[in-house]
Amino acid sequence: MVRTRFAPSPTGMLHLGAARTALFNWLYARHHGGEFVLRIEDTDRERSTREAVEAILEGMRWLGLESDQDPFFQSHAMLRHQEVAWELYHKGMAYKCYATPEEVEAMREKARAEGKPPRYNGLWREKEPGAAQENQPFVLRFKSPQTGETVIQDLVQGEVKMQNELLDDLVLLRSDGTPTYMLSVVVDDHDMEITHILRGDDHLTNTFRQYHLYQAMGWEIPQVAHIPLIHGQDGGKLSKRHGAVGVGAYREMGILPEAMANYLLRLGWGHGDEEVIPQDRAIELFDTDGLGKSPSRFDLTKLMHLNGIYLREAHDTELAGYVKELLEKQGVALDKGQQALLERAMPGLKVRAKDLNELADSALVYFKSPIELLDEKAEKFLTPENLEMLEKFANVAQAQEAWDHEVLEQAARDFAEAEDLKLGKVAQPLRAKLTGRTISPSVFEVMELLGKEESLKRLRAVL
RNA sequence: GACCCCAUCGUCUAGCGGUUAGGACAUCACCCUUUCAAGGUGGAAACACGGGUUCGAUUCCCGUUGGGGUCGCCA
């Protein structure tokens with residue numbers, strides 16, 4: 001059975017790249033009817049924080065990427081990792097290295113100077129510790145093969161080769177006895193029976209070193225797929241200087257999780273001409289053959305476009321729920337009647353918004369008075385002549401028996417004709433007076449939803 | 001610096017030896033229109049370069065250039 005994992009280290013926000021990796025792993029498992037698990041790689045206790053774990057879980061929940069098991073914390077498996085390290089040692093596949101960090105650094109410098117890859121030179125590989133090493137600190141290093149080449153079959157990159165002499169003897173246990181990342185991932189992926197690893201291609205070179213660890217333990221090697229990283233607009237690795245990199249920030253920008261997931265899916269993965277791919281369709285289509293080999297740039301504009309699409313297709317009840325919350329945050333509480341109004345107003349509002357914040361703001365015309373909302377552009381429409389004209393129109397409106405947008409629009413058309421005005425010359429001042437803004441859904445729709453009483457009240461109010 | 005990876009419109013991508021090189025975002029024009037959106041129609045826009053292989057290369061191979069990644073007792 002297919003089993004994938006997402007293994008973030010909890011040192012900050014849920015990065016967009018990480019979110020995409022999580023999404024791919026989740027989709028791969030779902031597509032193949034397998035399982036998806038979350039492993040928190042918190043072995044660096046200096047940098048790992050409780051808040052970061054929360055942010056990751058929160059982000060995953062938001063994106064709808066539920067895992068099939070409770071999150072596994074790597075730090076809890078430390079004993080197991082050490083056990084494997086010592087097993088390797090007893091099998092003669094690892095050795096104690098007494099070189100100090102300074103000595104190792106010197107080796108690197110020397111190699112660098114010789115134009116070779118900076119690496120540990122294997123000083124203690126065959127050397128037996130003498131009396132001088134008694135009670136001295138040491139690290140446990142893995143005996144990496146020094147000759148031949150390693151070939152891995154990557155689901156995305158294809159066949160990738162590496163000369164083994166380029167690999168140095170990686171540290172398995174630090175001088176304080178704690179396991180390193182390189183050891184822990186391998187042990188955990190094996191113990192958790194992970195069959196497929198989809199991760200950023202910054203891990204590609206690690207794969208060669210991990211390969212030999214699997215071999216040394218006689219373990220089966222999982223399939224790997226290294227996906228190119230997400231870059232910023234300038235082509236560099238996506239980082240803070242490109243703007244928001246945490247999914248939480250996009251949530252706050254009013255992005256719908258469905259849109260975020262769809263956008264992330266299409267960054268580095270494609271299926272013909274399909275652009276709008278909701279979750280169930282994504283599960284149906286996703287596989288590694290659709291993954292691209294070249295890095296892609298993050299484009300906020302396209303994300304926003306997709307958000308608009310999902311916004312328009314979203315259920316009015318759902319959107320009204322989001323908006324209600326956002327309005328409450330700004331201190332605008334809605335009673336039951338207003339909530340119903342909000343939902344009815346949604347079709348007219350959602351086609352005009354590109355994110356939830358805009359949507360919430362546009363809904364204000366129904367809940368705040370024109371005086372409160374009045375902006376400069378709208379004010380310009382409220383000239384003495386226009387106000388006079390609107391007074392006349394108020395009488396026309398009041399005379400209407402039925403109160404719906406069609407009737408009102410026809411009344412406005414007739415009125416405009418009688419006054420020898422274009423409809424726009426009536427509608428725009430009307431909008432300004434009614435909403436305090438120059439942008440809103442159809443004024444006639446606004447009037448219908450506001451109701452006759454409220455509409456006339458606003459129309460006749462002295463600003 | 002060494003090693004590894006990548007290279008189609010500005011961006012995301014389709015293409016898997018023979019296509020008028022397709023779609024989407026953005027952009028421009030027009031239409032619709034009470035504003036703003038949405039929508040409709042149309043336009044401009046790409047195979048990085050140089051060698052091969054082949055009857056024929058965007059597609060296969062090599063090199064150049066450009067970009068990215070990795071070289072920790074971080075993960």
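By convention in this document, chain letters (A, B, ...) are assigned in the order of the sequence lines, proteins followed by strands, and residues within each chain are numbered from 1.
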(request) Step through the shown structure and confirm whether more than 12 heavy atoms of other residues, nucleotides or ligands are within 6.0 Å of CZ on A/Phe415. (result)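 For A/Phe415, atom CZ is crowded (more than 12 foreign heavy atoms under 6.0 Å).
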(message) Would you say CD of A/Glu417 has more than 12 non-hydrogen atoms from neighbouring residues, nucleotides or ligands within 6.0 angstrom?
(response) no
[X], nearest nucleotide to its side chain (from [options]):
| X | options | value |
| --- | --- | --- |
| A/Gln157 | B/U34, B/C6, B/A75 | B/C6 |
| A/His305 | B/A24, B/A75, B/C73 | B/A24 |
| A/Asp202 | B/A75, B/G69, B/G23 | B/G69 |
| A/Gln74 | B/C6, B/G69, B/A75 | B/A75 |
| A/Thr301 | B/A26, B/G22, B/A75 | B/A26 |
| A/His231 | B/G68, B/U11, B/U70 | B/G68 |
| A/Val443 | B/U13, B/C73, B/U34 | B/U34 |
| A/Met162 | B/C73, B/C3, B/U34 | B/C3 |

Separation between the [atom1] atoms of [N] and [M], rounded to whole Å:
| N | M | atom1 | result |
| --- | --- | --- | --- |
| B/C25 | B/G68 | P | 29 Å |
| B/G51 | B/G18 | C1' | 22 Å |
| B/U70 | B/U11 | P | 23 Å |
| B/C3 | B/G22 | C1' | 38 Å |
| B/A21 | B/G43 | P | 15 Å |
| B/U59 | B/G15 | P | 15 Å |
| B/C47 | B/A7 | C1' | 10 Å |
| B/A45 | B/G50 | C1' | 25 Å |

At under 4.0 Å between heavy atoms, what does [X] touch on the DNA or RNA strands: base, sugar-phosphate, or nothing?
| X | result |
| --- | --- |
| A/Met304 | nothing |
| A/Ser175 | base |
| A/Asn206 | base |
| A/Arg47 | base |
| A/Ala18 | nothing |
| A/Gly308 | nothing |
| A/Glu41 | sugar-phosphate |
| A/Leu173 | nothing |
| A/Val171 | sugar-phosphate |
| A/Lys425 | nothing |
| A/Pro137 | nothing |
| A/Pro101 | base |
| A/Val160 | sugar-phosphate |
| A/Arg431 | base |

Any [X] side-chain N or O less than 4.0 Å from OP1/OP2 of [N]:
| X | N | result |
| --- | --- | --- |
| A/Arg266 | B/U11 | no |
| A/Arg413 | B/U34 | yes |
| A/Arg209 | B/C4 | no |
| A/Thr43 | B/A75 | yes |
| A/Ser362 | B/C36 | no |
| A/Arg141 | B/C73 | yes |

Do the side chain of [X] and the base of [N] come within less than 3.5 angstrom through a donor-acceptor pair of N or O atoms?
| X | N | answer |
| --- | --- | --- |
| A/Glu275 | B/G23 | yes |
| A/Ser442 | B/U34 | yes |
| A/Arg352 | B/U35 | yes |
| A/Asp201 | B/G69 | no |
| A/Lys302 | B/A24 | yes |

In whole angstrom, what separates [X]'s [atom1] from [N]'s [atom2]?
| X | N | atom1 | atom2 | result |
| --- | --- | --- | --- | --- |
| A/Phe208 | B/A2 | CZ | C1' | 15 Å |
| A/Ile277 | B/C25 | CD1 | C1' | 14 Å |
| A/Tyr263 | B/U11 | OH | P | 12 Å |
| A/Ile152 | B/C3 | CD1 | C1' | 13 Å |
| A/Asp289 | B/U13 | CG | C1' | 15 Å |
| A/Gln233 | B/A26 | CD | P | 14 Å |

(request) Answer yes if the ring centres of A/Tyr214 and A/His190 are under 6.0 angstrom apart, and no otherwise. (result)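 No, ring centres 6.0 Å or more apart.
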(message) I'd like to check A/Glu343 versus A/Leu319 (side-chain heavy atoms, cut-off strictly below 4.5 Å). Are they in contact?
(response)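 A/Glu343 vs A/Leu319: side chains apart.
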(request) Indicate yes or no: at least one non-hydrogen side-chain atom of A/Tyr181 is less than 4.5 angstrom from one of A/Ser9. (result)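 Side chain of A/Tyr181 against side chain of A/Ser9, heavy atoms only: no contact under 4.5 Å found.
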Identified pairing partner of [N], criterion: Watson-Crick or G-U wobble below 3.5 Å:
| N | result |
| --- | --- |
| B/U58 | none |
| B/C3 | B/G69 |
| B/C49 | B/G63 |
| B/U27 | B/G43 |
| B/C16 | none |

(request) Could you label the plane-to-plane angle of the A/Tyr250 and A/Phe298 rings as parallel, tilted or perpendicular, counting under 30° as parallel and over 60° as perpendicular? (result)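 Ring orientation of A/Tyr250 relative to A/Phe298: perpendicular.
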(request) Classify the angle between the aromatic ring planes of A/His271 and A/Trp269 as parallel (below 30°), tilted (30 to 60°) or perpendicular (above 60°). (result)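 Plane angle under 30°, so parallel.
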(message) Between A/His271 and A/Glu409, which residue's closest nucleotide on RNA chain B lies nearer the 5′ terminus?
(response) A/His271
(request) Between A/Lys161 and A/Leu229, just flag the one whose closest nucleotide in RNA chain B comes earlier from the 5' side. (result)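 Between the two, 5'-proximity favours A/Lys161.
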Between [X] and [Y] (salt bridge meaning N to carboxylate O under 4.0 Å), is one present in this structure?
| X | Y | value |
| --- | --- | --- |
| A/Arg266 | A/Glu275 | yes |
| A/Lys143 | A/Asp169 | no |
| A/Asp168 | A/Arg141 | no |

